[in-house]
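Structure first, then comments.
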Amino acid sequence: MTLNLPRLRDGLPVLVVNTRTTSLPPVFDAKNDIKKAAQKLRFDRLKAARMLMPNERVAKCLWNKIAKYVEGWKSKTEMPGHFRKVAMCGSLCMCPVCAMKITERRKIELEAAVNAAYRIGWSPVLVTLTLRHKKNEKFLLVLGDLVKAIERLRGRKWWTRIVAKYEIKGSVTSLETTYGLSYSWHPHKHILFFVGRKLSDEDMRELQNEITNEYKKILKKLNRTLSDIHGVDVRGGDKNIADYIAKYGHEPKSRENKWTLAAEMTKAQQKNSLRLDGHYTPFQLLDFYLMGDVDAGAAFQEYARVMKGKKLLTWSKNLRAMLDLGDELSDEDIAAMNDEKDTYPFALFDGPAWRAVRVIPFEVLESMRTMDFQTFKDHMESLGVMIESDEFKTTTGENR
Ligand SMILES: [Zn+2]
């Protein structure tokens with residue numbers, strides 16, 4: 001079937017919803033199905049990422065088994081289940097499934113950091129830096145200049161003065177990239193500064209002016225200018241951050257009412273809300289690709305190649321120790337962790353079974369979620385997938 005859909009380069013202003021396809025980004029206002037829809041979306045996006053990056057680890061993610069049997073784990077609380085004993089790529093930039101797991105963990109850590117900072121009288125200040133770029137500039141170039149500019153900003157004597165003046169104790173830096181119809185790649189860096197005192201409104205204004213002036217000088221030397229629209233954004237930690245944290249647990253409906261400071265830093269790629277201004281996250285490009293847009297696929301490939309191996313979140317030296325957070329786990333470590341609460345092993349899939357299951361992971365997990373074992377076994381048999389019940393018995397039990 002040929003999909004007659006506009007391509008990104010046609011200047012499509014909003015996401016086209018075509019009910020004939022199965023890979024549509026869901027609109028997150030259906031309360032009951034949010035988690036299910038989000039899981040399905042991630043599996044669909046992973047499928048696209050595998051196709052686009054066949055030589056990368058992401059191509060093996062949730063695809064290659066790493067033991068004799070892949071295990072299907074079921075939730076005791078009607079949450080979506082998951083698979084174990086299968087390769088997890090741990091690629092934050094390329095893999096929507098691993099990125100969800102990694103960013104969820106990073107978000108919790110960052111929330112803990114912000115709370116710990118408040119407890120000892122510090123306060124968080126979020127600075128966002130970007131730069132003006134031309135349409136159709138290569139992502140590598142724009143990102144390279146942004147990284148260079150921020151390195152220079154923080155490598156100057158001027159910076160030592162700022163650190164002392166505002167009592168900056170440390171920082172966490174994250175990179176967010178969007179792709180727009182009218183401006184191509186737009187990377188920006190969020191730097192969450194932990195300052196050792198409460199900054200007044202005047203302090204904040206002064207800090208913003210000081211950073212803006214210095215940053216502009218640096219950009220000029222790189223033949224760049226400050227973006228008119230974005231400038232240098234400096235804001236204090238949200239007073240209601242504890243409230244936000246308590247409420248968190250669903251995909252955000254909008255930046256304004258759900259998105260916490262910590263989530264802003266860690267979950268940029270997870271944003272799913274349909275944005276009318278044509279800003280798309282790299283993972284949203286995968287949705288377009290699945291709808292037949294080859295330009296969106298090529299754009300994702302460009303992003304993935306540039307970002308390969310890069311860290312999206314960086315803690316300054318000693319900050320974690322000061323906030324008593326312990327050692328940082330790698331993305332790969334987090335992706336490989338099996339620490340889902342209230343889950344139990346439910347089904348085993350041998351090689352042939354897994355090869356059938358891995359192409360419909362969402363459907364199988366949904367069946368697992370809603371069926372008892374015998375019903376599930378019968379259901380899978382009707383699909384031609386045999387599950388070995390003896391093996392299942394030997395590896396499931398309350399003591400596991
Ligand atoms: Zn992965």
Side-chain angles (χ1 to χ4, degrees), residues 23 25 35-67 69-73 75 79-109 174-177 251 263 266-272 281-290 296-297 299-313 328-340 343 349 354-355 357-366 368:
S23 307
K35 284 207 182 288
K36 258 170 41 185
Q39 189 182 39
K40 165 129 182 61
L41 180 66
R42 287 192 295 275
F43 284 137
D44 284 344
R45 288 175 172 178
L46 174 56
K47 188 169 105 186
R50 280 196 206 107
M51 288 191 273
L52 288 166
M53 310 303 293
N55 299 319
E56 300 295 339
R57 282 166 59 101
V58 70
K60 298 181 174 132
C61 190
L62 273 175
W63 195 257
N64 289 14
K65 65 188 187 74
I66 55 172
Y69 293 96
V70 171
E71 301 170 356
W73 283 59
S75 165
M79 299 280 286
H82 63 277
F83 299 109
R84 294 189 185 181
K85 304 286 166 65
V86 61
M88 297 298 292
C89 71
S91 170
L92 193 48
C93 304
M94 295 185 208
C95 178
V97 172
C98 290
M100 171 66 186
K101 200 166 171 182
I102 295 161
T103 55
E104 198 57 33
R105 168 70 59 143
R106 301 264 185 249
K107 180 176 72 71
I108 291 166
E109 272 196 339
S174 75
L175 172 66
E176 178 178 354
T177 300
E251 294 285 345
T266 52
K267 297 183 75 70
Q269 296 195 87
Q270 299 291 324
K271 290 176 189 172
N272 284 316
T281 67
F283 289 155
Q284 281 177 321
L285 294 173
L286 295 173
D287 303 334
F288 284 107
Y289 175 68
L290 284 174
F300 179 83
Q301 286 173 320
E302 184 187 0
Y303 170 80
R305 284 179 193 131
V306 170
M307 292 302 298
K308 185 181 173 181
K310 287 195 170 58
K311 279 186 86 174
L312 283 187
L313 195 79
E328 188 182 5
L329 292 171
S330 72
D331 292 345
E332 291 79 7
D333 287 344
I334 296 173
M337 278 167 80
N338 287 314
D339 61 346
E340 291 84 354
T343 56
F349 308 102
W354 176 244
R355 283 193 287 281
V357 167
R358 67 186 181 181
V359 292
I360 46 166
F362 174 77
E363 290 75 5
V364 172
L365 287 178
E366 256 312 276
M368 276 174 47

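In this chain, residues are counted from 1 in sequence order. As the structure lists them, so they are numbered: ligands from 1, and atoms in each ligand from 1. All values derive from a computational prediction rather than experimental measurement.
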Quiz item: Do any N or O atoms from the side chain of Q39 and from the backbone of F362 form a donor-acceptor pair under 3.5 angstrom?
Solution: no
Quiz item: Do the non-hydrogen side-chain atoms of C98 and L92 ever get within less than 4.5 Å of each other?
Solution: no
Quiz prompt | Partner of D331 by salt bridge (charged side-chain N to carboxylate O under 4.0 Å, His left out), out of K101, R106, K311, R57 | solution = R106
Exercise. Side-chain contact test, heavy atoms from C-beta onward, threshold under 4.5 Å: evaluate it for L285 versus Y303 and give yes or no.
Key: no
Practice problem: Taking the side chain as every heavy atom from C-beta outward, state whether K85 and K65 have any pair of such atoms under 4.5 Å apart. | Solution: no
Quiz item: Leaving out waters, which are not shown anyway, how many protein N, O or S atoms lie closer than 2.8 Å to the Zn ion (ligand 1)?
Solution: 4
Exercise. Please answer whether the main-chain N or O of W63 pairs with a side-chain N or O of W354 as donor and acceptor at a distance below 3.5 Å.
Key: yes
